[in-house]
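Here the structure is laid out as structure tokens; the discussion comes afterwards.
Just so we're clear, the structure is a prediction, and the values are computed from it rather than from any experiment. The basis for the numbers below is simple: all heavy atoms, side chains too, and nothing from hydrogens, waters or symmetry mates. Letters go in sequence order (proteins before strands), and every chain restarts at 1.
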Protein chains: 6
Amino acid sequence: MIDPATLDRIITLALAEDIGPGDVTTLATVPSGVRGRAVFLAKQPGVLAGMQALRRVYARVDGQVQVTPCQREGAVLTPGMQIAIAEGPARGLLTGERVALNFLQHLSGIATRTARFVQLVRGTGATIVDTRKTVPGMRALAKHAVRVGGGHNHRFGLYDGILIKDNHIQAAGGLRPAVERASQAAPHLLRVEVETESLEQVREALDAGADIVLLDNMDLQTLRAAVALCKGRALTEASGGVSEETVRAIAETGVDLVSVGALTHSVTALDISLDWG
Amino acid sequence: MIDPATLDRIITLALAEDIGPGDVTTLATVPSGVRGRAVFLAKQPGVLAGMQALRRVYARVDGQVQVTPCQREGAVLTPGMQIAIAEGPARGLLTGERVALNFLQHLSGIATRTARFVQLVRGTGATIVDTRKTVPGMRALAKHAVRVGGGHNHRFGLYDGILIKDNHIQAAGGLRPAVERASQAAPHLLRVEVETESLEQVREALDAGADIVLLDNMDLQTLRAAVALCKGRALTEASGGVSEETVRAIAETGVDLVSVGALTHSVTALDISLDWG
Amino acid sequence: MIDPATLDRIITLALAEDIGPGDVTTLATVPSGVRGRAVFLAKQPGVLAGMQALRRVYARVDGQVQVTPCQREGAVLTPGMQIAIAEGPARGLLTGERVALNFLQHLSGIATRTARFVQLVRGTGATIVDTRKTVPGMRALAKHAVRVGGGHNHRFGLYDGILIKDNHIQAAGGLRPAVERASQAAPHLLRVEVETESLEQVREALDAGADIVLLDNMDLQTLRAAVALCKGRALTEASGGVSEETVRAIAETGVDLVSVGALTHSVTALDISLDWG
Amino acid sequence: MIDPATLDRIITLALAEDIGPGDVTTLATVPSGVRGRAVFLAKQPGVLAGMQALRRVYARVDGQVQVTPCQREGAVLTPGMQIAIAEGPARGLLTGERVALNFLQHLSGIATRTARFVQLVRGTGATIVDTRKTVPGMRALAKHAVRVGGGHNHRFGLYDGILIKDNHIQAAGGLRPAVERASQAAPHLLRVEVETESLEQVREALDAGADIVLLDNMDLQTLRAAVALCKGRALTEASGGVSEETVRAIAETGVDLVSVGALTHSVTALDISLDWG
Amino acid sequence: MIDPATLDRIITLALAEDIGPGDVTTLATVPSGVRGRAVFLAKQPGVLAGMQALRRVYARVDGQVQVTPCQREGAVLTPGMQIAIAEGPARGLLTGERVALNFLQHLSGIATRTARFVQLVRGTGATIVDTRKTVPGMRALAKHAVRVGGGHNHRFGLYDGILIKDNHIQAAGGLRPAVERASQAAPHLLRVEVETESLEQVREALDAGADIVLLDNMDLQTLRAAVALCKGRALTEASGGVSEETVRAIAETGVDLVSVGALTHSVTALDISLDWG
Amino acid sequence: MIDPATLDRIITLALAEDIGPGDVTTLATVPSGVRGRAVFLAKQPGVLAGMQALRRVYARVDGQVQVTPCQREGAVLTPGMQIAIAEGPARGLLTGERVALNFLQHLSGIATRTARFVQLVRGTGATIVDTRKTVPGMRALAKHAVRVGGGHNHRFGLYDGILIKDNHIQAAGGLRPAVERASQAAPHLLRVEVETESLEQVREALDAGADIVLLDNMDLQTLRAAVALCKGRALTEASGGVSEETVRAIAETGVDLVSVGALTHSVTALDISLDWG
């Protein structure tokens with residue numbers, strides 16, 4: 001579930017930008033007493049995400065619109081499958097349509113792609129995780145959709161985890177001082193992860209006491225060597241150049257986690273429509 | 001330019017969700033006196049969009065970070081090209097990095113794809129326009145990126161144009177009553193556009209006095225016939241099934257406008273990085 | 001109906017400025033268990049507007065106060081007529097009284113004056129429209145009250161219509177370039193209206209392709225000539241110097257629209273009281 | 001001076017409702033590099049109020065627009081007099097024009113009428129005060145304009161004064177218990193005023209210990225008698241039926257204060273224009 | 001009762017800072033279907049305050065959690081006494097626990113200490129009042145807790161009373177001009193109180209027409225003399241150096257009011273726990 | 001440093017509740033041209049915290065007030081020591097005084113008490129940490145003040161750490177399933193801490209794989225035994241019954257962390273005044 005207050009903030013923005021001072025088309029063409037019934041239909045195969053947003057959009061647009069789900073969050077969709085039925089005042093149904101679909105199509109797009117990645121690494125022991133590369137405003141929803149697709153979440157933001165990246169290392173004057181300072185200053189409930197680009201850096205990270213080592217853009221052979229170095233001392237996460245073509249081989253190197261930016265930064269909307277009647 | 005207040009609303013959300021109560025990694029690893037210099041670099045060919053957001057993100061995160069653009073909004077990028085240089089307190093540089101990149105990559109992704117579509121219809125007389133299928137919260141920015149890529153904007157929301165779609169027609173009890181009510185009730189500064197799915201509906205729309213006829217999901221032959229019917233009586237807009245493969249042929253039917261949802265609903269982030277030093 | 005979110009924004013301000021941290025008089029004088037019944041009474045003839053605001057004010061102040069309307073929005077009021085009955089906790093009734101009345105009296109004042117103007121032009125074919133000269137914060141409510149009084153709305157703001165006024169013409173370097181740029185740049189769902197002050201400018205506007213010509217501060221003879229020029233080529237709107245004395249003659253020149261700033265910028269509150277018991 | 005945060009709240013609403021997602025006319029017709037100069041001109045005699053709002057509107061719309069006042073707040077205006085000069089980017093000048101004028105015309109309208117009332121009671125010893133009958137959202141600005149016009153402010157809202165009105169008396173079960181409870185429960189920095197409609201009630205109010213007696217809708221003879229009763233025991237305030245025709249005679253009865261709802265509930269906008277060049 | 005909108009503002013902040021993007025512990029450890037029952041228990045003697053906040057916190061966190069009060073606001077608590085029972089989804093119960101307790105413990109701490117002060121002055125005729133020395137954000141709630149403990153409220157803020165303190169006197173160039181300006185400029189519903197530090201200043205205050213005299217940091221003998229001077233001419237308020245040890249003697253000097261900053265600026269939280277089952 | 005946006009949120013509330021619609025005393029008594037100079041003075045020994053809030057309050061109240069710090073955040077204060085000098089418009093100085101002092105006194109109170117606890121455990125190897133028992137709205141500021149006083153921060157909220165408390169254990173059906181679910185579901189950058197009340201639970205926690213064990217309300221002997229059990233397997237944190245009297249002995253048991261709720265839930269304001277001239 002997405003935190004309701006967080007969800008409401010982005011829905012507020014979405015309604016403001018789309019409806020703003022009013023839906024002139026609907027007000028002009030549809031008399032206020034007319035009622036309607038409309039069906040959200042899948043037009044592509046995929047994984048459903050965004051039902052909470054769908055319901056909340058309509059609750060905000062017109063509390064009299066009843067949304068009845070036909071599928072659960074995470075359902076595997078096939079073309080033509082009914083996702084939900086919305087009934088009530090025709091004006092409310094029409095005014096909320098586009099915003100509801102925008103959420104549903106974007107989030108289902110994320111869940112669908114995540115599910116493909118998860119499927120591709122099945123049996124390897126590696127976990128697919130997301131990144132902070134999300135479209136602005138959609139972080140919590142995008143991370144929810146990743147979970148729906150079977151992926152795991154990395155940290156949610158800069159506040160709930162320590163991940164020392166290359167630029168931190170440069171600004172801190174080296175990997176070792178960066179890791180040591182982090183271990184000392186951070187609240188004791190946070191682990192320390194550090195990005196490395198070579199086996200030498202992996203060794204340095206382990207010596208400095210890192211809890212997790214991020215292996216960035218390494219070839220498969222280097223990845224395997226890094227995993228061997230870290231075994232029993234730190235978790236490993238692979239990142240960089242991860243695609244549907246490469247993910248299986250990366251996972252088979254033995255890394256614990258594979259993070260995939262494209263899950264959320266390059267989303268292909270899942271085709272869903274709202275059909276009247 | 002994007003309206004500053006609108007821009008600030010989505011930046012506020014983006015900073016809240018990413019930084020929240022604080023960037024623990026940077027605070028723990030980088031002493032407060034350290035200064036830095038970092039370069040935004042293109043790693044793919046494309047069209048640049050989002051410089052206003054980039055500058056504003058840093059102004060909000062740390063007013064002492066100076067952002068110096070190396071390219072103008074709309075510049076054609078080649079891999080390795082410097083986009084902007086950011087200098088100032090290292091903490092501010094690092095804390096704002098991800099949010100700045102998220103805006104830049106998403107918006108440049110939109111501009112890049114739009115430019116491809118615009119290029120594909122060059123010489124046909126057709127104009128590429130966007131839709132309301134945008135990621136929630138990003139409407140104004142996404143529409144700006146479309147303009148940067150050489151496209152034109154359709155209406156911004158439900159408040160600044162009358163577009164009677166199939167569901168309105170059903171709820172209104174027919175195309176003709178819908179168009180007539182709209183012509184009567186709407187403020188006199190708004191034109192009336194109506195969606196049609198057959199030549200019969202095109203004729204009905206013209207008879208009812210529509211200013212613009214949306215030709216949805218029609219094959220090329222039907223499109224040509226519809227354009228002939230509308231000539232001199234109404235503008236025409238084609239939509240549905242528009243891809244980089246099909247757009248040229250659609251444009252050559254003589255339609256005035258071609259609207260493309262994928263410009264903004266299925267964005268591939270342009271690869272841009274922030275390199276230290 | 002007024003958009004609920006828009007209505008709530010101005011009600012929030014109105015309650016904050018009037019009640020602020022609390023109604024000390026009511027809290028001090030009326031025990032919390034006391035219930036009451038009070039009647040909103042018309043004390044002048046007029047047209048009723050603002051019932052939605054009345055109900056919403058009480059819903060915000062005290063959800064237990066029941067408001068029962070005795071008249072519909074737009075009803076013709078005569079002195080002594082009951083408008084609505086409010087029943088419930090006496091404290092809530094008293095605390096919300098002034099804000100509720102302020103909305104009701106201002107909006108009914110607008111509807112009443114609009115109805116007089118509409119009555120005055122009956123049979124001429126001219127439509128009475130409002131302007132953007134509204135008291136800050138009250139735009140949507142004021143425009144609603146104009147509709148209740150039988151008038152039509154001009155654009156709601158700067159975002160939903162193109163109206164090129166004298167200052168735009170000066171800044172743009174001439175009427176023709178202004179109109180041409182507008183026709184080119186504006187979203188295709190917006191018409192282009194241009195303000196003119198002479199027959200020469202009317203001709204220039206028509207040649208430049210304006211959809212609507214605003215005839216500002218012209219005498220009756222010039223208005224008639226302008227209407228003749230525009231016939232079949234553009235709609236006409238008269239503005240400037242429109243009063244209850246002059247409106248009929250202006251309407252009889254054949255203009256399509258007459259816009260009246262005084263409908264909303266110089267409102268005489270309709271006298272309405274809240275009587276206990 | 002108006003509290004800046006309060007001023008900003010209503011300006012935020014005013015800009016949102018007028019500009020919203022953007023000023024399409026100005027963006028379409030005026031190139032971004034054009035600069036301009038425009039003069040706010042009085043077109044009627046009156047008293048100037050709203051200069052702080054004028055400056056703040058432009059600071060919010062476009063910080064590069066320079067506003068140079070030609071008159072001070074409270075200046076007596078004659079037709080043709082220059083009020084202020086605005087210079088800077090033409091787009092900003094045009095986009096802020098209507099909102100700036102709406103504030104200026106409404107507030108100057110209040111100050112102008114207040115000055116007439118103040119002039120009418122000169123020499124009588126009575127003070128003209130306002131009421132809470134203000135257009136929603138404009139309370140602080142309207143009360144400021146009353147001061148500018150030479151009037152005094154009554155309480156600002158329900159939180160900064162105790163005024164027991166007829167409905168409170170009914171809900172409290174009588175004038176005496178209402179006044180006594182108020183004297184006991186209210187913070188010791190607040191005085192207690194009570195509304196009366198007859199000499200009998202005036203006596204009851206004095207006996208109960210009221211600090212101020214509001215004499216509502218009394219004829220001149222009753223007012224004089226009430227003033228005599230209250231002399232040395234309580235301040236007196238006359239209200240009800242106060243117009244430019246009646247105010248002098250009311251003031252001459254010896255009342256300390258005369259409150260006038262029409263100062264703020266029925267405002268005639270002062271005619272002010274913005275002329276280019 | 002605390003104004004609901006005011007209460008919601010601080011609860012919004014409290015929930016944001018504590019829950020933020022989500023309660024990871026509860027989400028990770030407690031399945032979503034589990035229900036629970038938990039009891040708020042007093043672990044110290046004291047006076048209960050904050051029940052409205054308790055209920056509202058849970059209404060905001062999870063509307064399905066039912067809170068059943070076992071005690072009324074203001075109840076005298078003994079260790080082990082049940083305060084309220086909360087039942088419903090276990091996740092909601094756990095997520096809201098800390099914020100609910102933080103309000104309850106802080107406010108009960110204020111009520112408890114206030115009750116001790118009120119008890120200490122019983123029979124003297126002096127009233128215990130609070131000050132504006134409250135923890136930021138908690139003003140309305142803290143003042144409510146003072147009332148619950150039997151104390152009275154001084155003004156709520158700078159807007160609902162005139163209290164001329166030493167720094168005002170210095171800035172105004174003297175006590176007399178300060179009091180005179182205040183009497184003239186202030187709305188007629190506000191009394192004027194002035195801070196004095198010597199008998200000489202008390203006399204000056206009385207001569208200038210002060211309604212209330214604040215006697216700051218005076219010894220008992222001076223207090224008695226000041227009270228004698230003010231008798232029949234002004235109310236008296238003692239402040240400064242008021243503790244549980246000194247308050248009785250101060251009250252016995254005959255002052256009307258004793259204000260105690262420590263009621264709200266140095267709160268000892270009352271020990272209250274939430275026990276499962 | 002406190003995050004500026006977070007700081008502004010609580011300052012907004014504090015200014016709204018104290019100043020609200022205006023500071024009537026200052027506006028009435030101090031002419032607008034008067035300038036002043038005032039000194040923040042320590043009146044008790046302690047540790048200074050809150051300088052950022054002090055400066056920001058004045059920046060918000062009146063940007064022309066210059067605040068010059070005389071001491072650094074964290075300075076050891078002795079009575080009479082100058083903390084900061086504020087110069088500028090007298091009105092601004094006076095209007096911001098109370099809010100500025102409320103922040104300064106509360107935060108310095110926290111830093112002062114924290115410093116005492118830190119001093120008491122010096123040399124033991126134990127770290128003093130805070131809790132989530134903060135006054136609503138003040139979380140980030142209170143935790144900053146703890147750092148200023150030499151303490152360390154525990155997690156900031158429910159979102160940045162996993163701490164399984166007794167109620168979670170009950171709701172989860174046991175300590176072991178709670179810890180195991182947490183280890184599995186939580187983002188990999190978060191450690192898992194679990195509350196225990198007996199040595200048996202400590203063993204269970206270690207077996208379940210807890211990273212940190214919270215030892216709640218244990219006597220010194222049990223604490224020592226628990227520390228021995230955890231050595232090399234988990235960090236230990238003592239909580240419950242921690243006072244200035246008991247903290248040294250608790251720290252000497254060898255626990256890694258001692259958490260103290262009273263640092264922030266029962267704050268004694270440090271006495272600081274603002275003296276004119």
Side-chain angles (χ1 to χ4, degrees), chain A residues 9-11 13-14 17-30 34 36 38 90 94-95 97-99 102-103 105-106 109 132-140 157-159 161-164 166-168 170-172 178 181-182 185-187 190 265-269 274 276-277, chain B residues 9-11 13-14 17-30 34 36 38 90 94-95 97-99 102-103 105-106 109 132-140 157-159 161-164 166-168 170-172 178 181-182 185-187 190 265-269 274 276-277:
Chain A
R9 268 194 290 278
I10 184 67
I11 289 182
L13 233 60
E17 72 188 8
D18 194 48
I19 307 180
D23 175 356
V24 285
T25 306
T26 298
L27 291 174
T29 59
V30 181
V34 177
L94 291 162
T95 298
E97 170 180 346
R98 184 74 265 145
V99 173
N102 283 347
F103 277 107
Q105 293 185 253
H106 186 77
R132 287 166 44 244
K133 298 177 182 175
T134 54
V135 183
M138 294 290 285
R139 178 71 53 86
L158 295 168
Y159 52 84
I162 294 187
L163 173 42
I164 302 170
D166 54 349
N167 286 345
H168 293 100
Q170 300 230 31
R181 277 186 215 134
L190 299 184
H265 74 48
S266 295
V267 178
T268 300
L274 181 66
W276 204 256
Chain B
R9 267 194 292 278
I10 185 66
I11 289 183
L13 232 60
E17 71 187 9
D18 194 47
I19 307 180
D23 175 356
V24 286
T25 305
T26 298
L27 291 174
T29 59
V30 181
V34 177
L94 291 161
T95 298
E97 170 180 346
R98 185 73 264 145
V99 172
N102 283 347
F103 277 107
Q105 294 184 255
H106 185 76
R132 288 165 44 241
K133 298 177 181 177
T134 54
V135 183
M138 295 289 284
R139 176 73 50 87
L158 295 168
Y159 53 84
I162 293 188
L163 173 41
I164 302 169
D166 53 350
N167 286 345
H168 293 101
Q170 300 229 32
R181 278 187 213 131
L190 298 183
H265 73 49
S266 294
V267 179
T268 301
L274 181 66
W276 205 256

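- Contact of A/L94 with chain B is made through the side chain alone, with heavy-atom distances under 4.5 Å.
- Counting heavy-atom pairs closer than 4.5 Å to chain B, the top-ranked of the candidates A/A38, A/G157, A/A186 is A/G157.
- The contact between A/H106 and chain B is made entirely by side chain atoms (from C-beta outward), counting heavy-atom distances below 4.5 Å.
- Top candidate by heavy-atom pairs under 4.5 Å with chain A, chosen from B/A90, B/G109, B/G22, B/A14, is B/G22.
- B/W276 contributes atom CH2, which lies 10.0 Å from atom CG of A/D166 (distance to the nearest 0.5 angstrom).
- Per-residue heavy-atom pair counts under 4.5 Å with chain A were compared for B/Q170, B/H265, B/R98, and the maximum is reached by B/R98.
- At least one donor-acceptor pair under 3.5 Å links the side chain of B/E17 to the backbone N or O of A/G137.
- Contact tally against chain A (heavy-atom pairs below 4.5 Å) for B/I162, B/N102, B/T268, B/L163: the top residue is B/N102.
- Side-chain atoms of A/S266 come within 3.5 Å of backbone N or O of B/A269 as a donor-acceptor pair.
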Query raised in the report: How far apart are the C-alpha atoms of A/V24 and B/L190, what are their side-chain angles, what is the distance that settles it, and do they pass the side-chain contact (heavy atoms from CB on, under 4.5 Å) test?
Result: CA-CA 10 Å; A/V24 285; B/L190 298 183; 3.9 Å; yes
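- In plain terms, the two heavy atoms of A/R181 and B/A28 that are nearest each other are CB-O, 3.2 Å.
- Within the 4.5 angstrom heavy-atom criterion, no atom of B/L27 approaches chain A.
- Residue contact with chain A, scored on non-hydrogen atoms closer than 4.5 Å, involves the backbone and the side chain of B/A182 alike.
- Neither the backbone nor the side chain of B/Q105 comes within contact range of chain A; no heavy atoms are under 4.5 Å apart.
- Among the candidates A/G20, A/P21, A/A185, the residue making the largest number of heavy-atom pairs closer than 4.5 Å to chain B is A/P21.
- Of all heavy-atom pairs spanning A/V30 and B/A172, the tightest one is CG2-N, 4.5 Å.
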Query raised in the report: Should A/M138 and B/V135 be marked as a side-chain contact (heavy atoms from CB on, under 4.5 Å) after you check the CA-CA gap, both sets of side-chain angles, and the distance that decides it?
Result: CA-CA 8 Å; A/M138 294 290 285; B/V135 183; 3.7 Å; yes
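- Side chains of B/T25 and A/L158 form no contact here, defined as non-hydrogen atoms less than 4.5 Å apart.
- Looking at B/H168 and A/T26, their side chains do bring a donor and an acceptor atom within 3.5 Å of each other.
- In this structure, the portion of B/V34 lying under 4.5 Å from any heavy atom of chain A is its side chain and not its backbone.
- At a threshold of 4.5 Å between non-hydrogen side-chain atoms, the residues A/L13 and B/I10 count as touching.
- Looking at A/E97 and B/N167, their side chains come closer than 4.5 Å, going by heavy atoms from C-beta outward.
- Residues A/D18 and B/R132 are in side-chain contact: their nearest non-hydrogen atoms beyond the backbone lie under 4.5 Å apart.
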